[in-house]
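Lettering follows sequence order; numbering is per chain, from 1.
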Amino acid sequence: MLSTHELTIRFGGHVAVNGVTCSFEPGTLTAIVGPNGAGKTTYFNLISGQLRASAGRVLLNGRDLSGLSASQRTRAGLGRAFQLTNLFPRLSVLENVRLAVQATREGPHRRGLSLWSIWSDHHALTERAREILREVALHEKQDELVSNLPHGDQRKLEVALLIALEPQVFMFDEPTAGMNAAEAPVILDLIRRLKADRSKTILLVEHKMDVVRELADRIIVLHNGTLVADGAPAEVIALPVVQEAYLGTAAVAQEESA
Amino acid sequence: MFIRLLSNDLPRNRLLAVVLAAIVLALAFTPFIFPGVKALNVAAKVLVFIVLVASFDLLLGYTGIVSFAHTMFFGIGAYGVAIASTRMGAGWGSLAVGMACALALSFVLALAIGLFSLRVRAIFFSMITLAFAAAFQTLASQLSEFTGGEDGLSFKVPAWLSPSFEPFEAPFLGVTIDGRLICYWLLFVAAAVLFLLMLRIVNSPFGRVLQAIRENEFRAEAIGYRVVVYRTVSSILSALFATLAGALLALWLRYNGPDTSLSFEIMLDVLLIVVIGGMGTLYGAVIGSALFLVAQSYLQDLLRLASESVSGLPALAALLSPDRWLLWLGLLFVLSVYYFPTGVVGRLRALSARRAVLPSKDHNGAPAVQASTR
Amino acid sequence: QSGEVRIAHVYSRTGPLEAYGKQTQTGLMLGLEFATNGTMAVNGKKLTVIEKDDQGKPDLGKSLLATAYSDDKADLAIGPTSSGVALALLPVAEEYKKILLVEPAVADAITGDKWNKYIFRTGRNSTQDAVSNAVSLDQPNVHIATLAQDYAFGRDGVKAFKDALGKAKIVHEEYLPPTTTDFTAGLQRIIDRLKDQPGRKVIWVVWAGSNSPFARLGDLDLKKRFNIEVSTGGNILPAMAAYSQFPGMEGASYYYYKFPKNAANDWLVKEHQRRFNSPPDFFTAGGFSAAMAVVEALKKTNGDANTNKLIAAMEGMTFETPKGPMTFRKEDHQAMQSMYHFRVAPDIKPGQPIELELVRELKPADMKVPVRNKGA
Amino acid sequence: MKSLDVDWKPLALVPVLSLVVLPFIGSGSTWLTLTVAGLAMGMIIFIIASGLTLVFGLMDVLNFGHGVFIALGAFVATTVLGAMGDYTASGSLWVNLVAVFPAMLAAMAVAGALGLVFERFIVRPVYGNHLKQILITMGGLIIGEELIKVIWGPLQIPLPLPEGMRGSILLGDAAVEKYRVIAVVVGLVVFGSLLWTLTRTKIGLLIRAGVQDREMVESLGYRIRNLFIGVFVVGSALAGLGGVMWGLYQQNVVPQMGAQVNVLIFIVLIIGGLGSTTGALVGALLVGLVANYTGFLVPKAALFSNIALMMAILLWRPQGVYALSR
Amino acid sequence: MTTDLLTLSGVHTHIGAYHILHGVDLRVPRGQLTLLLGRNGAGKTTTLRTIMGLWRASAGRITLAGRDIGALDTPRIAGLGVAYVPENMGIFADLSVKENMLLAARSAQRLAQIDGDRLQWIFKLFPAVEKFWNHPAGKLSGGQKQMLAVARAIVEPRDLLIVDEPSKGLAPAIINNMIEAFGQLKASGVTILLVEQNFNFARRLGDTVAVMDNGRVVHAGAMKDLAEDEQLQRSLLGLAL
Ligand SMILES: Nc1ncnc2c1ncn2[C@@H]1O[C@H](COP(=O)(O)OP(=O)(O)OP(=O)(O)O)[C@@H](O)[C@H]1O
Ligand SMILES: Nc1ncnc2c1ncn2[C@@H]1O[C@H](COP(=O)(O)OP(=O)(O)OP(=O)(O)O)[C@@H](O)[C@H]1O
Ligand SMILES: [Mg+2]
Ligand SMILES: [Mg+2]
């Protein structure tokens with residue numbers, strides 16, 4: 001189980017995430033919503049270790065991760081896909097995934113610190129990487145350079161890397177942004193399948209409310225860095241604060257209260 | 001077997017393979033094919049530079065670290081052998097001691113630099129190493145007690161490797177085998193072994209992680225690799241190989257001084273060779289070194305011919321004067337960046353890969369990937 | 001035996017010492033021409049000069065000299081320009097058992113502890129430089145502060161200078177980084193030490209390079225303010241332009257074209273002026289001397305370029321040069337030669353072309369130059 | 001407003017440093033001599049470094065060829081001043097200026113013109129790629145240096161200081177060279193005009209934006225090409241001016257002088273925080289002062305004073321005193 | 001009677017060796033909002049970039065207010081009164097939000113010269129712009145950057161506004177503001193060319209619509225015809241919206 005306790009970060013005077021305490025059970029998909037700049041991505045960054053919290057703790061299965069670096073947290077079981085794609089552009093699609101698979105391996109070739117073995121001999125890694133590419137329907141492009149891929153395929157690969165890491169906790173940050181309606185289903189199906197495996201904890205940041213409604217077991221709402229609502233999707237969406245500040249159904253959207 | 005020796009990293013282009021094979025054969029049989037002291041000296045220098053440039057490529061091409069302090073390690077290796085041989089007298093023992101001390105010193109310095117490199121921006125780091133390399137050179141000439149100062153050290157090597165050693169009476173294939181040639185072949189074997197070792201390293205899982213870090217350090221960290229560790233290990237490895245290259249140089253020259261192994265000019269040559277050969281392709285080190293050093297060694301002779309042929313035109317003759325060979329070297333710098341952005345190896349491989357690489361894309365060969373914050 | 005004698009000239013045709021190296025080459029060719037009366041042959045043997053550009057790099061120099069001796073079949077070699085290169089070349093001459101006539105590299109060690117029997121030198125060594133300067137300054141009640149570059153060349157120079165002084169007193173030694181550009185601190189230390197000394201007060205400068213302290217020394221008006229004088233050795237003409245700030249300054253130099261009066265120098269000055277429209281300089285004279293030494297030696301062996309014969313001929317040999325007669329000392333093969341105690345024209349204005357006056361010719365006998373190659 | 005907050009600490013470093021060493025030096029007049037000379041030296045260094053800071057700070061171009069423009073400026077000055085012997089020989093500073101001023105203008109013009117060519121053929125293909133910039137500008141440096149040798153010859157050329165600028169101003173026992181006072185004035189003028197252009201006009205903003213996303217700047221309707229050329233030309237011209245100042249200071253010029261000052265300039269830039277004009281000034285002044293103080297107090301350490309200073313500053317602020325904030 | 005402010009006829013564009021646009025014909029009527037739809041990779045972005053002169057058309061003709069702009073360079077085209085919000089937003093990350101805005105205001109040398117009322121209007125639509133006024137723009141959240149990108153394009157009045165996918169990553173409330181903003185701009189006479197994936201957004205704003213596929217415009221007509229015709233949607237866009 002993943003949980004955060006009073007997680008806080010300040011940038012100068014600006015508190016981007018403010019005392020967020022929350023826990024996430026395995027087998028549930030929690031959607032995190034909130035206005036732009038509410039602190040959703042920052043909250044992810046704090047959990048996965050890209051940013052150091054000014055205060056508060058992150059716990060995974062009772063283990064305190066707060067002092068660990070991003071790479072250590074990944075190895076502890078936190079997996080993260082990014083809002084803006086963030087890949088190895090001049091390596092092939094297959095190698096991108098293979099690197100992620102290798103990162104999870106233990107034993108003599110542990111994380112590639114072995115200088116003596118030859119990379120291309122690691123058939124097991126390659127097989128696993130191919131398997132994952134098939135899952136996201138990228139196997140036909142495995143030899144392309146990532147920099148030559150269209151945007152939608154890069155988003156898919158981003159998700160493939162996350163799967164390759166085999167984490168306990170999956171964090172998706174707007175996985176379908178910039179993907180058109182015809183392509184998004186591949187990713188959404190994948191998330192659905194992950195969800196079916198009851199042992200995984202899934203966190204999803206998403207602005208498209210139809211997607212959220214369909215996938216989420218639970219919604220939490222961040223606003224100005226604070227957790228303002230938490231509950232079942234239908235309830236949360238109905239809350240006035242969510243309606244006004246986020247969905248903006250009021251005739252003129254309210255100014256963000258500073 | 002052969003493929004395993006090359007760590008499954010083949011030239012991937014027929015022309016490239018032929019050229020590489022030709023270079024290796026030419027180097028192996030230089031004493032028979034190209035008689036004369038000059039040719040042998042050039043060939044020996046090529047061997048040393050193959051190791052030096054490849055070790056720099058490990059850092060630059062594979063890890064994306066731009067360091068100007070690489071010649072520092074080269075110098076340490078050369079001084080190690082030179083100082084030990086001067087103080088302890090010629091002998092295999094002093095060679096071993098000198099190398100061991102040099103490797104140890106390089107290890108410590110590279111560790112420090114590796115750890116330091118994480119604190120500062122990439123470009124900042126390169127300029128700091130520039131200042132450091134200059135300071136180290138000053139230091140070397142200041143410690144004249146040990147290093148012989150500006151004048152450097154001339155020393156003797158084990159008898160087997162010195163010119164006066166002639167084990168066979170009769171010439172072999174018209175060439176008298178002497179200590180000089182034995183020393184040359186020692187260099188050849190050492191360079192080959194070191195090169196294959198480096199090829200192995202870049203093609204190991206470790207090497208792949210280095211490339212990942214070069215491409216996107218931020219993401220490499222995010223999928224669970226500790227960038228600090230990899231960077232540091234890579235900078236240490238490359239320093240150690242450079243140190244060995246320095247030792248080979250000293251062994252060959254039986255001389256070392258600040259200008260010979262520490263000067264910024266060598267750093268520039270190394271940079272240029274990496275670019276000409278092709279960054280991030282160890283084979284580039286072989287092709288680049290051979291091309292560049294041969295050109296450099298015979299450039300003045302060529303220019304002499306050229307300027308004599310245009311002696312009617314004083315302005316042109318002044319430009320083609322052998323005294324102005326550096327001018328042409330400078331031009332080579334500029335042109336190679338213009339026309340060989342991916343180096344000879346990159347060019348050849350792109351040809352056979354037939355995967356059209358967009359022109360706009362090969363202009364972005366910058367190793368210093370600026371990681372975004374998200 | 002072939003019909004020619006092949007002479008390799010290894011020098012800095014390019015690189016930091018390009019300016020010096022080229023003078024040597026010019027001088028060498030003129031010298032051969034003069035010494036052979038324009039025939040460029042001795043005893044019917046043609047003299048061929050093979051040029052090698054060491055670019056100021058010792059390692060390259062080594063390789064070039066080896067190439068010259070072996071691939072190019074040079075009978076003997078002359079050069080190089082830089083001391084660092086010269087020291088690296090010494091073992092090569094020994095390996096190939098051929099003569100290396102060092103000109104103009106100055107390091108003492110060349111004819112000192114790194115010497116071998118194949119090494120001769122027509123150029124002056126650091127000690128000769130320093131001693132001649134010492135002789136020109138050595139008077140009772142003279143207080144001297146030295147200013148030198150902080151590396152072997154500077155320190156050796158000061159040491160030799162100090163050893164040669166008898167009556168004058170050194171009150172301070174200042175060593176500054178070779179690349180110093182702001183001399184304020186160093187000069188301030190010197191001034192602080194020197195200004196309250198009695199008698200004649202002199203700052204003796206030994207400095208090589210374009211970042212010279214003379215501009216600063218000039219601006220400080222030391223003569224007027226503290227009655228402190230400046231003294232230094234000679235240099236190439238462009239570098240001596242800075243001396244015009246010190247009218248009346250004294251020192252000792254290796255060569256200045258107006259000083260020596262002999263046939264060789266007269267011819268050299270006249271021909272140089274005619275062909276290059278400028279007077280011959282420091283290193284031109286050096287190259288010229290080396291040429292005369294080689295021709296003289298070959299004449300003695302009747303054109304035989306065999307190394308051992310040449311060595312035998314050259315040891316103790318006295319030969320004419322633009323600086324008058326020189327003699328290769330038997331023990332270390334260093335050419336003993338005159339130096340010139342000069343004075344900058346007293347009425348010169350700063351910025352004007354330099355003009356030197358001869359105070360005294362310092363003959364070899366006037367200078368005690370120790371032999372330092374014992375044990376080599 | 002945030003942008004008005006000035007970070008005073010680095011600026012305070014200069015006076016603080018001078019005061020701290022005062023007791024160690026002891027003599028007041030010696031201290032004064034060293035301090036004034038150090039500050040003035042710093043100003044000269046600033047002038048030669050300013051063009052590079054500008055080019056790096058605005059265009060993110062790491063120009064190793066900067067030294068060529070310095071050398072070129074100095075060589076042009078030898079030619080111009082050489083032709084105006086009547087004016088330089090006069091003891092009057094004003095008459096001297098009649099010669100020096102055109103020499104400066106000519107040096108800046110020639111260096112600027114070369115900058116134009118340099119930008120077109122050397123720098124333009126490599127915007128945005130530091131490694132290639134390093135390589136190609138290094139090539140430019142070598143070519144430039146060799147061309148100078150072709151034109152002016154490989155020899156050192158004297159560049160005597162005009163008569164009226166020689167000598168020192170005496171303040172009690174302390175001597176301040178006249179030329180250094182002139183350097184301070186020139187340095188302040190350069191600094192002032194740079195700062196004004198960068199903070200009071202939109203040009204600075206535009207160029208910085210152009211480096212990050214050139215297409216966007218063009219889409220906003222600005223012709224970035226000309227601006228880039230302009231900055232590069234100004235940077236080169238400043239280097240030319242620096243060359244004149246440096247040459248007059250040394251009183252001679254050599255073709256290698258550009259390469260000789262490269263490392264020094266880079267150290268100044270690193271201390272200042274790559275690309276910051278104020279930082280470069282602070283860095284240059286610190287380098288000037290520290291060189292003099294250590295040179296006086298512990299001459300042995302003077303060799304490494306620049307590096308030590310740089311390390312100390314980086315320990316305090318890893319990005320230099322002003323990290324890219326102008 | 002509407003005239004066309006912008007027209008493309010038979011425009012071909014090559015990127016490197018690739019032939020991307022195969023003869024695009026497009027008309028953008030003055031004072032209206034024209035939507036450009038199409039699946040990923042259809043060539044929408046390429047069309048916009050070609051209009052801006054960022055890619056050069058290899059054949060065909062582009063006119064703005066009757067004038068051929070095919071040969072003009074980007075600054076010139078922008079100078080004719082065109083504002084552009086690129087797909088990647090084109091934020092100057094190292095500059096503050098304020099400086100980003102100042103640069104977009106071409107006629108203003110200093111902040112004080114920007115029309116204050118207009119600025120207030122922008123602040124109201126995109127509160128993040130005001131809130132982070134002095135912050136480096138690179139530190140903004142994804143959605144905040146998107147707001148800034150649009151805010152920049154409208155800081156001064158322009159005749160033609162070209163926007164590439166402004167709604168991606170925006171919270172629903174801000175999407176409403178964006179719709180509001182485009183509505184007001186249109187009312188003030190600005191012509192808008194918009195690429196948008198979010199069909200709801202598109203439907204509420206569009207007057208005319210063009211659908212692209214494979215580097216060609218395969219359908220052009222009034223928005224309401226498309227909005228009401230599910231059959232047409234399915235055939236053009238691959239799904240009903
Ligand atoms: N490194 C940083 N320095 C300063 N401020 C930051 C930094 N990172 C984020 N912020 C600020 O923190 C706030 C939260 O940003 P965050 O990216 O978490 O928003 P978000 O909820 O993901 O928004 P969006 O939906 O637009 O992606 C924003 O106001 C942003 O400007
Ligand atoms: N710089 C480029 N180099 C090569 N091909 C490119 C480049 N830019 C775009 N393309 C190709 O051009 C085609 C059209 O791309 P474009 O970006 O115009 O599509 P789009 O309609 O805007 O798609 P999206 O909805 O994903 O933004 C795509 O196949 C794309 O891969
Ligand atoms: Mg976000
Ligand atoms: Mg698009």
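- Of the atoms belonging to C/Ala242, not a single heavy atom falls under 4.5 Å from chain D.
- Legend: salt bridge (charged side-chain N to carboxylate O under 4.0 Å, His left out) pairs involving residues 283-306 of chain D, not counting sequence neighbours, sorted by first then second residue: C/Asp150-D/Lys300.
- Neither the backbone nor the side chain of C/Thr14 comes within contact range of chain D; no heavy atoms are under 4.5 Å apart.
- Of the two parts of D/Lys178, neither the backbone nor the side chain holds a non-hydrogen atom closer than 4.5 Å to a non-hydrogen atom of chain C.
- Using a 4.5 Å cut-off between heavy atoms, D/Ile44 makes no contact with chain C at all.
- Among residues 249-262 of chain D, the residues having any heavy atom closer than 4.5 Å to a heavy atom of chain C are, in sequence order, D/Tyr249, D/Gln250, D/Gln251, D/Asn252, D/Val254, D/Gln256, D/Gln260.
- For chain D, the nearby part of C/Lys195 is the side chain; its heavy atoms alone come within less than 4.5 Å.
- Once rounded to the nearest 0.5 Å, the distance linking CG of C/Asp219 with CD of D/Glu177 reads 5.0 Å.
- Here C/Thr181 contributes atom OG1 and D/Ile45 contributes atom CD1; the two are 6.0 Å apart, rounded to the nearest 0.5 Å.
- For C/Pro16, the part sitting under 4.5 Å from any heavy atom of chain D is the backbone (N, CA, C, O) and nothing else.
- Looking at C/Gln352, neither its backbone nor its side chain comes within 4.5 Å of chain D, counting heavy atoms on both sides.
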* Would you please test C/Gln188 and D/Asn292 for side-chain contact (heavy atoms from CB on, under 4.5 Å) and show each step? => CA-CA 10 Å; C/Gln188 191 64 41; D/Asn292 269 351; over 6 Å; no
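- A heavy-atom distance below 4.5 Å is found between the side chains of C/Asp182 and D/Arg180.
- A salt bridge is absent between D/Glu163 and C/Lys349; no separation between the charged side-chain nitrogens and carboxylate oxygens falls under 4.0 Å.
- Of the listed residues (D/Ala291, D/Pro162, D/Gly167, D/Gly288), the one with the most heavy-atom contacts under 4.5 Å to chain C is D/Gly167.
- Heavy-atom neighbours of C/Lys162 NZ from other residues, nucleotides or ligands within 6.0 Å: at or below the threshold of 12.
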